[in-house]
2 protein chains.
Amino acid sequence: MRAAETAPAPTAQRVREAAFELFAERGYHGTGIRQLAERAGLSSASLYHHMGSKEELLGALMRESLERLLAEAQAVAARESDPGERLCALVRMHVRSHGERPLETRVVDGEVAALTGPVRAEVVALRDRYEALWHATIDAGLDAGQFHVTSPALARRALLEMCSGVARWFDPAGPTALPDLAEQYVDLARALLGATATAGRRVDGDTPRPVEISEGFSRSRAPR
Amino acid sequence: MRAAETAPAPTAQRVREAAFELFAERGYHGTGIRQLAERAGLSSASLYHHMGSKEELLGALMRESLERLLAEAQAVAARESDPGERLCALVRMHVRSHGERPLETRVVDGEVAALTGPVRAEVVALRDRYEALWHATIDAGLDAGQFHVTSPALARRALLEMCSGVARWFDPAGPTALPDLAEQYVDLARALLGATATAGRRVDGDTPRPVEISEGFSRSRAPR
DNA sequence: GCGACCCGATCGATCGATCGATCGATCGAC
DNA sequence: GTCGATCGATCGATCGATCGATCGGGTCGC
């Protein structure tokens, strides 16, 4: 029955959320298990019924985050065949994902060094697979003559670094809504890659706003 | 002569270098006083003859790094009056600085949260002054009609994030030398800002030197 | 002998982790 | 319907280790 689901919030879920908050806020090594227990609303001893160890908890969180990001990227790749459109969709997905879950991103990007052993290797491998998807898309766009950059590897790194930064400063209460921000990042990415001014700027799903095509760099949208 | 300088390496300097290495490698909270002492080649007790506390040491390192970066940026701003050229010079300086001293950058960018109180405010203020210099340059370029972006604030953040990333992956033993890399970043920055192809450096029409880097992009870091 | 520099020993606090015990819910046996 | 057995979840208490920091005393150049 649906009634079987615990009403308020499963303890394990509260632990995960508390861990994301504290690890993002004070870092993995800067967070004690007592703080973690307090934030999650139980004792430090009870914590160990929901996790193997502090490091295993971190590893599980990072792996889950990366697996979802990779799955979303693979879905995008399966949906968009044209390299230009695929890259735009990747940027859109990446920016939205990072803007919606900034805590996860800060932990994933900043605490890899805190992991050791096979778990770390697994996380690094997941991240590499995600980046390989971007690299392949950029290469395809270059082969198709849609992009114009001297070094695809450099462009990929610059692009990813730039897009991931969203998680470090985006404020959902700010003047720019996340879907609009994602579209601005698409424009930046296209400019950075020297993309030809073909289409590829459609907004999928829940954004009803009609997009005016700007061939180079438009001033059509308000800065706010 | 500078005979006053101790020949091998002043202890205080060794401590600073060890701190940069360890803080960048394992994080501030992940580094113990004893590890720091061992790396610097003295006892943990002697460490306190060269620093007030662990946090004061971190604060001093970050302040010095940021003060030098800011000074270099101010020198660039005083030298270049044209917004387009000034921004190119800023990018060049930023990339070179971050490529030459990656440890400092990783500490400055990643350990701000480890600071507390007035020291933290001071470091944040320094970082803000540095970013304000970029922002003013981008605004000036927009007013002069040299750049074409919808949001200068967004462009500034994307630009800085992209350029700082160099410190996280640049390998001096790699195929691309740092000055060449800086020029590639200048090109990327100009493309990102929609810069008019007038004043700047070489436009990507005919680059005098066909730089290409093709190192494998799945460069997994060893799990230690 | 004085100050700069360094050390071994040790402080109280906190770290991550474990222990045995308790509580309420569930279940099969009768 | 009731009773003991079992279970997942939680707790207070506490473990040994390590944390950042301090102290008193040593060594050496001046």
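Heavy-atom basis, side chains included; hydrogens, waters and symmetry copies ignored. Throughout, a chain's letter reflects where its sequence line sits, starting with A, and its residues are numbered from 1.
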Kindly say whether the aromatic ring centers of H98(B) and Y185(B) come within a distance under 6.0 Å.
->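 No, too far apart.
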What's the CD-P distance between E38(B) and dC7(C), to the nearest Å?
->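 Distance, rounded to whole Å: 12 Å.
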Charged N-O contact under 4.0 Å between E64(B) and R16(B) =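 Salt bridge flag = yes for R16(B) with E64(B).
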Using a 4.0 Å cut-off on protein heavy atoms (strictly under), produce a 5'-to-3' string for nucleotides 15-22 of chain C with B for base contact, S for backbone-only sugar-phosphate contact, and - for none.
-> BBBBB---
Check A189(B) against V91(B) and note the closest heavy-atom contact, atom names and distance.
->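 In this case the closest contact between A189(B) and V91(B) is CB-CG2, 3.8 Å.
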If you draw a 6.0 Å radius around CZ in R68(B), do more than 12 non-hydrogen atoms from other residues or ligands fall strictly inside?
->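 Atom CZ in R68(B) is crowded, with more than 12 foreign heavy atoms closer than 6.0 Å.
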Please check if atom CD in E38(A) has more than 12 non-hydrogen atoms from other residues, nucleotides or ligands closer than 6.0 Å.
->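 Count not over threshold, so no.
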Between S43(B) and dG8(C), does any side-chain N or O lie under 4.0 Å from OP1 or OP2?
->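 No, S43(B) has no side-chain N/O under 4.0 Å of OP1/OP2 on dG8(C).
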Check: R63(B) and V119(B) side chains under 4.5 Å, non-hydrogen atoms |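 In contact.
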Just distance, no hydrogens or angles: give the donor-acceptor pairs under 3.5 Å from side chains in residues 152-162 of chain B, sequence neighbours left out.
residue	atom	partner	partner atom	Å
R156(B)	NH1	H135(B)	ND1	2.9
E161(B)	OE2	R168(A)	NH1	2.9

Can you label the angle between the F23(B) ring and the Y28(B) ring as parallel, tilted or perpendicular, going by 30° and 60°?
->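 Answer is perpendicular, since the angle exceeds 60°.
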If you write DNA chain D from 5' to 3' in dot-bracket form, with Watson-Crick or G-U pairs under 3.5 Å, [ ] for crossing pairs and | for pairs with another strand, what do you get?
-> ||||||||||||||||||||||||||||||
